[in-house]
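Structure first, commentary second.
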Amino acid sequence: AAGEFGKGFLISLGIVGFMILTMALAGFYRVDGVGSPEVLLEALSFFGIGAFIQVLMFRLVLFRMTEEWLGTWAAILVVASIFGLAHLANENATPWSSLTLILADLLLAAAFVFTRRLWMVFGLHMGWNFMQDGLFGLANSGVADLPSWIVPAVQGPTWVTGGSFGIEASPVQLLLSVGIGIFILRRAREEGQFVSPSWRR
């Protein structure tokens, strides 16, 4: 559990860290202030509980039930669509931001299919939300009033920063997430982790 959680957390750290570094070097991200260390603990707790609940709902229940009936590929498509559309009601959400969430969900789905356990996808989801908002102070799926340690000033083209929705709406982030997701998904297929539809088994 610890190893898989750590791998997921590090992948999120790598993607979010790359985005922050790129934005900072380009002058799109600047630190205006830093909060107290207690904010980090609060963010870890907040995003940890939220991510775990979503992982249980979307992976352990919805994904497994859909996969058992329609197979792995259909489950990936169905759950990703529900995941992306569920965020359409968020602040600053647009059809584009929901599309990026649908496509980027491939990374979360791949982690679950590859391991067949919750820990890696939990590390990915929690790590992403914590790094994006709790540490670096960016909007989390459009929501900008959540606890964060760094108080940043962000300005620049939306294709890099994602605009008011956050880096989840950035095409640069999307390419990174989908690319890593495809790599993990290929590994899962090579190891026989895919399930056929019920009528073909």
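Values in this document were obtained by computation on a predicted structure and should not be read as measured data.
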> Does some side-chain heavy atom of Val55 sit less than 4.5 Å from a side-chain heavy atom of Leu60?
Replying inline: no
> To the nearest 0.5 Å, what is the distance between CG (Asn140) and CH2 (Trp128)?
Replying inline: 10.0 Å
> Where do Phe9 and Phe122 land on the side-chain contact (heavy atoms from CB on, under 4.5 Å) test, with the steps shown first?
Replying inline: CA-CA 8 Å; Phe9 200 92; Phe122 176 42; over 6 Å; no
> Would you say Leu107 and Ser177 make side-chain contact, with heavy atoms under 4.5 Å?
Replying inline: yes
> Around Arg116, counting heavy atoms of other residues, nucleotides and ligands shown, do more than 12 lie under 6.0 Å from its CZ?
Replying inline: yes
>> So which atom in Ala43 and which in Gly134 form the shortest heavy-atom distance, rounded to 0.1 Å?
In response: CB-CA, 3.7 Å
> Can you tell me how far CG of Leu135 sits from CG of Asn129, rounded to the nearest 0.5 angstrom?
Replying inline: 13.0 Å
> Quick one: OG on Ser97 to CZ on Phe165, what's the gap to the nearest 0.5 Å?
Replying inline: 4.0 Å
> Can you find a pair of side-chain heavy atoms, one from Leu185 and one from Phe114, that are under 4.5 Å apart?
Replying inline: no
>> What verdict does the side-chain contact (heavy atoms from CB on, under 4.5 Å) test give for Ile167 and Met23, after you've listed the backbone C-alpha separation in whole Å, the side-chain angles of each residue and the deciding distance to 0.1 Å?
In response: CA-CA 10 Å; Ile167 58 172; Met23 290 163 58; 3.9 Å; yes
>> Could you tell me if the side chain of Met126 sits less than 4.5 Å from the side chain of Phe5, heavy atoms only?
In response: yes
> Where do Ser148 and Gly137 come nearest, in terms of heavy atoms and distance?
Replying inline: CB-CA, 3.6 Å
> Side chains of Ile20 and Leu138: does their closest heavy-atom pair fall under 4.5 Å?
Replying inline: yes
> Can you tell which of Val31, Asp133, Asp32 makes a side chain to side chain contact (heavy atoms under 4.5 Å, CB included) with Ile150?
Replying inline: Val31
>> Test side-chain contact (heavy atoms from CB on, under 4.5 Å) on Gln54 and His125; report intermediate values, then the result.
In response: CA-CA 9 Å; Gln54 289 193 50; His125 202 144; 3.4 Å; yes
>> Which heavy atom of Met131 sits nearest to which heavy atom of Phe136, and what is that distance?
In response: O-CD1, 2.9 Å
> So, for Met120 and Ile184, which heavy atoms are closest and what is the spacing to 0.1 Å?
Replying inline: CE-CD1, 4.1 Å
> Say you draw a straight line from OG of Ser170 to CE of Met19; how long is it, rounded to the nearest 0.5 Å?
Replying inline: 3.5 Å
> Roughly how far, to the nearest 0.5 Å, is the CH2 atom of Trp119 from the CZ atom of Phe112?
Replying inline: 12.5 Å
>> Do Pro157 and Phe28 have side chains that approach each other closer than 4.5 Å (heavy atoms only, starting at C-beta)?
In response: yes
> Going through the checks in order, is the ring-ring contact (aromatic ring centres under 6.0 Å, His included) test met by Phe63 and Phe58?
Replying inline: CA-CA 6 Å; Phe63 189 94; Phe58 283 95; over 10 Å; no
> At their closest point, which heavy atom of Pro37 faces which heavy atom of Trp149, and how far apart are they?
Replying inline: N-NE1, 4.3 Å
>> Under a 4.0 Å threshold between the charged nitrogen and the carboxylate oxygen, would Glu191 count as salt-bridged to Arg187?
In response: yes
> If you measure from CG on Leu88 to OG1 on Thr94, what distance do you get to the nearest 0.5 Å?
Replying inline: 8.0 Å
> Looking at side-chain heavy atoms only, is the closest gap between Asp105 and Ile102 below 4.5 Å?
Replying inline: no
> What do you reckon, are the aromatic ring centroids of Trp73 and Phe194 less than 6.0 Å apart?
Replying inline: yes
>> Set out, in order, the CA-CA distance, both residues' side-chain angles and the distance that settles side-chain contact (heavy atoms from CB on, under 4.5 Å) for Leu103 and Thr100, then state yes or no.
In response: CA-CA 5 Å; Leu103 296 175; Thr100 60; 5.9 Å; no
> Is there side-chain contact between Arg59 and Val79, with at least one heavy-atom pair below 4.5 Å?
Replying inline: yes
>> Can you give me the closest heavy-atom contact between Ile76 and Ala109, atom names plus distance?
In response: CG1-CB, 4.1 Å
